[in-house]
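Some notes on the structure that comes next.
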Amino acid sequence: MKVKVSVPKGTRDFTPEVMLKRKYIFNILEKNFRLFGYVPIETPALENLSTLLGKYGEEGDKLLFKILNSGLDTKIENKEIKDISNKGLRYDLTVPFARYVVQHRNEITFPFKRYQIQSVWRADKPQKGRYREFYQCDIDVIGSNSLLNEVELILIISHVFSELGINVTVKLNNRKILAGIAQRINAPEKLTDITIAIDKIEKIGLEKVKNELLQRGLSKHQIDELEPVLTLEGSNLEKTAFLKTYLEGIAEGEKGLEELLFVMDTLRETFPAVYNLIEFDTSLARGLNYYTGAILEVKANDVAIGSICGGGRYDNLTGIFGMDNVSGVGISFGADRIYDVMEQLDLFNGVTDVPAKVLFINFGNEYLTYIYEYSETLRENGISSIIYPDKVKLKKQFDYANKNKIPFVIIIGENEVNNSTVALKNMQTGEQQELTLLQAIETIKNN
RNA sequence: GUGGGCUUAGUUCAGUUUGGUUAGAACGCCAGAUUGUGGCUCUGGAGGUCACCGGUUCAAGUCCGGUAGUCCACCCCA
């Protein structure tokens, strides 16, 4: 009987072909994280609901996957959520990390630089570039207020995406600037409404944003005062020059601008090429409400997809768990979206791995001792090798090499045994040579 | 959470407009031509309860309703 099988909505299987490409991305990320001295940790897929709830805003709470308590009756009627569920799947890696830091505070030497590459889950409605289970690759520095951490994160972004071959723009802003703007128009309590509305300026245009602001309770006068910010254009320096005047006398706003300028100036003076990726964008808001300072988002220049990396500074995330005065800053690379971007731009061309470099043809057990010995020698030389397990017709064995993109086939039969050689066939060119094992190894290595 | 499109062989899709005998193609798969040499070619073969459940009808892949999945937009977000 035939059974219909499938994976749950919004989740995916990864085939070997896809996994080899994903590994390529993860390897580049991890290599760069290590080069900057970040160390790995992992946390459980499950967290206590009390750890997760209330950290991501109202919207985030709704998107949390909650796990039923074990030992429940099979029928649940009229139960409050707190009665039936006290655990949930992690929604991101930052909040579990804050929990980790608080819990392990006595073992950690600050500033603590960690990276974490694990999947997260959101009960979102899936669509393009949006999955219910996806990987985040986070790096955070916790226990340091220095803005040099922000500088370093942007430097890492630049390294990673240049190595991957993706042209990006790093959009930069600061929550304190946004707060200052809200204060400037006498609507500090409307900060969230303002940021949600101005975030859409590029998408829906000035007039519609003004309408939305009216609906969200701002006065005509306040909106007029806000308008120069909404229409702000020009170079980073022109924008910051405007805000310097606009935010004059508003302490929080001035502080935010000062932080932003420090990050930008440092990069301009030391890494001009990296600075050129940066765009100061007053409309960048970011939804997660634990951010307090710098916020940033990375967009791919050549593909229309949501942000592929984002993050910022959070001054008091550990405070929620009872550990005050520990500031953190971090970013999260969205591996699945990076994959989609690279696939669309055809950037995997020639970079992906093959299952093995060499396939040994099986002519029967009488040649097995040679095959085993030779394949071990290849492996000692770092050359991955497969022995075809069945003695079947050559066509099938060659087909296997083709389909798995294995570049070389080694044939050992009666002739080769008599001559103490191997027949090495290059599957791309079709060229076949009778060589000693050492010569064969050299040929494979040089290819 | 709101709105829309789609679902037919392993895959990509025709067929649905106008209901009518036995649902097609390409690619892929298997076997042979070719028992120590793959990609090309030729020959043959397997593979479908037309997503599921129900309704209308003498008759449903085709019309109607529901469910699920999937894709897209909005909301929000990686």
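When reading the values below, keep in mind they use all heavy atoms of this one structure, side chains included, and skip hydrogens, waters and symmetry mates. Proteins come first, then strands; the chains are lettered A, B, ... in the order of their sequence lines, and each starts at number 1.
- Residue A/D61 contributes atom CG, which lies 16 Å from atom P of B/C76 at whole-angstrom precision.
- Distance CD (A/Q118) to P (B/A78): 18 Å, rounded to an integer number of Å.
- Just one of A/V329, A/I157, A/N173 meets the side chain to side chain contact (heavy atoms under 4.5 Å, CB included) condition when paired with A/L296; it is A/I157.
- One P atom belongs to B/C29, the other to B/U70, and the distance between them is 28 Å to the nearest Å.
- Between the side chain of A/N402 and the base of B/G39, no donor-acceptor pair under 3.5 Å is found.
- By the criterion of a centre-to-centre distance under 5.5 Å and near-parallel planes under 30°, the ring of A/F363 forms no stack with the base of B/G36.
- Applying the Watson-Crick and G-U wobble criteria (two distances, each under 3.5 Å), B/U2 pairs with B/A73.
- Checking each of A/I154, A/L148, A/I156 against A/E152 for a side chain to side chain contact (heavy atoms under 4.5 Å, CB included) leaves exactly one that passes, namely A/I156.
- The partner of B/U18 is absent, by the rule that a Watson-Crick or G-U pair needs both atom distances under 3.5 Å.
- Along RNA chain B, the nucleotide nearest to A/E414 and the one nearest to A/G129 differ in position, and the one closer to the 5' end is contacted by A/E414.
- Comment: A/D390 does not engage A/K396 in a salt bridge, judged by the lack of any side-chain N to carboxylate O separation of less than 4.0 angstrom.
- With both ends at atom P, the span from B/A33 to B/G39 equals 14 Å, rounded to whole Å.
- Side-chain N/O atoms of A/Y339 and A/E343 include a donor and acceptor closer than 3.5 Å.
- Remark: A/K403 is not in phosphate contact with B/G39, judged by side-chain N or O atoms under 4.0 Å from OP1 or OP2.
- Summarising the base pairing, B/A78 is matched to no nucleotide, lacking a Watson-Crick or G-U wobble pair whose two defining distances lie under 3.5 Å.
- B/A68 and B/U7 make up a base pair, with Watson-Crick or G-U wobble contacts both under 3.5 Å.
- Pairing for B/G28 is absent, judged as Watson-Crick or G-U wobble with the two contacts each under 3.5 Å.
- Across B/A23 and B/G48, the matching C1' atoms stand 9 Å from one another, rounded to whole Å.
- Side-chain contact of A/T94 with A/D140: a donor-acceptor pair under 3.5 Å is absent, judged by distance alone.
- B/G32 and B/G24 have their C1' atoms separated by 26 Å, given to the nearest Å.
- The interatomic distance linking A/E297 (CD) with B/A78 (P) rounds to 7 Å, in whole Å.
- Straight-line distance between the C1' atoms of B/C76 and B/C72: roughly 16 Å, to the nearest whole Å.
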Protein and nucleotides 66-70 of chain B: nitrogen or oxygen contacts under 3.5 angstrom:
unit_1, atom_1, unit_2, atom_2, d
B/U70, OP1, A/G10, N, 3.4

Evaluation steps, side-chain hydrogen bond (donor to acceptor under 3.5 Å, both in side chains), between A/T292 and A/N316: CA-CA 8 Å; A/T292 52; A/N316 204 23; over 6 Å; no

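- Look at CE on A/M427: it is 12 Å from P on B/C40, rounded to the nearest Å.
- Here the C1' atom of nucleotide B/A78 and the OH atom of A/Y291 are 10 Å apart, to the nearest Å.
- Regarding A/N426, its CG atom lies at a distance of 19 Å from the P atom of B/U37, rounded to whole Å.
- Below 30°, between 30° and 60°, or above 60°: for A/F97 and A/F112 the angle between ring planes is between 30° and 60°, a tilted geometry.
- Contact annotation: side chain of A/E416 to base of B/G36, donor-acceptor pair present below 3.5 Å.
- In this structure, the NZ atom of A/K62 is 9 Å from the P atom of B/G1, given to the nearest Å.
- The side chain of A/N415 sits closest to B/G36 out of B/C76, B/G36, B/A73.
- Residues A/E434 and A/T421 bring a donor and an acceptor atom of their side chains to less than 3.5 Å of each other.
- Of the candidates A/L277, A/V303, A/N301, A/N167 forms a side chain to side chain contact (heavy atoms under 4.5 Å, CB included) with just one, namely A/N301.
- Each of A/R130 and A/K125 was assigned the nucleotide of RNA chain B with the nearest heavy atom; the assignment lying further toward the 5' end belongs to A/K125.
- Counting distance only, with no hydrogens placed and no angle test, the side-chain atoms of A/R337 and the base atoms of B/C77 include a donor-acceptor pair under 3.5 Å.
- Of the C1' atoms belonging to B/A73 and B/C77, the separation is 15 Å, rounded to the nearest Å.
- Taking every heavy atom of residues 390-399 of chain A and every atom of RNA chain B, pairs under 4.0 Å involve A/K393, A/L394, A/K395, A/F398, A/D399, by number.
- The nucleotide B/G38 finds no pairing partner, because no Watson-Crick or G-U wobble arrangement with both distances shorter than 3.5 Å includes it.
- Across all strands, A/G310 comes closer than 4.0 Å to no nucleic acid atom at all (heavy-atom distances).
- As rounded to whole Å, 15 Å separates atom C1' of B/C75 from atom CZ of A/R122.
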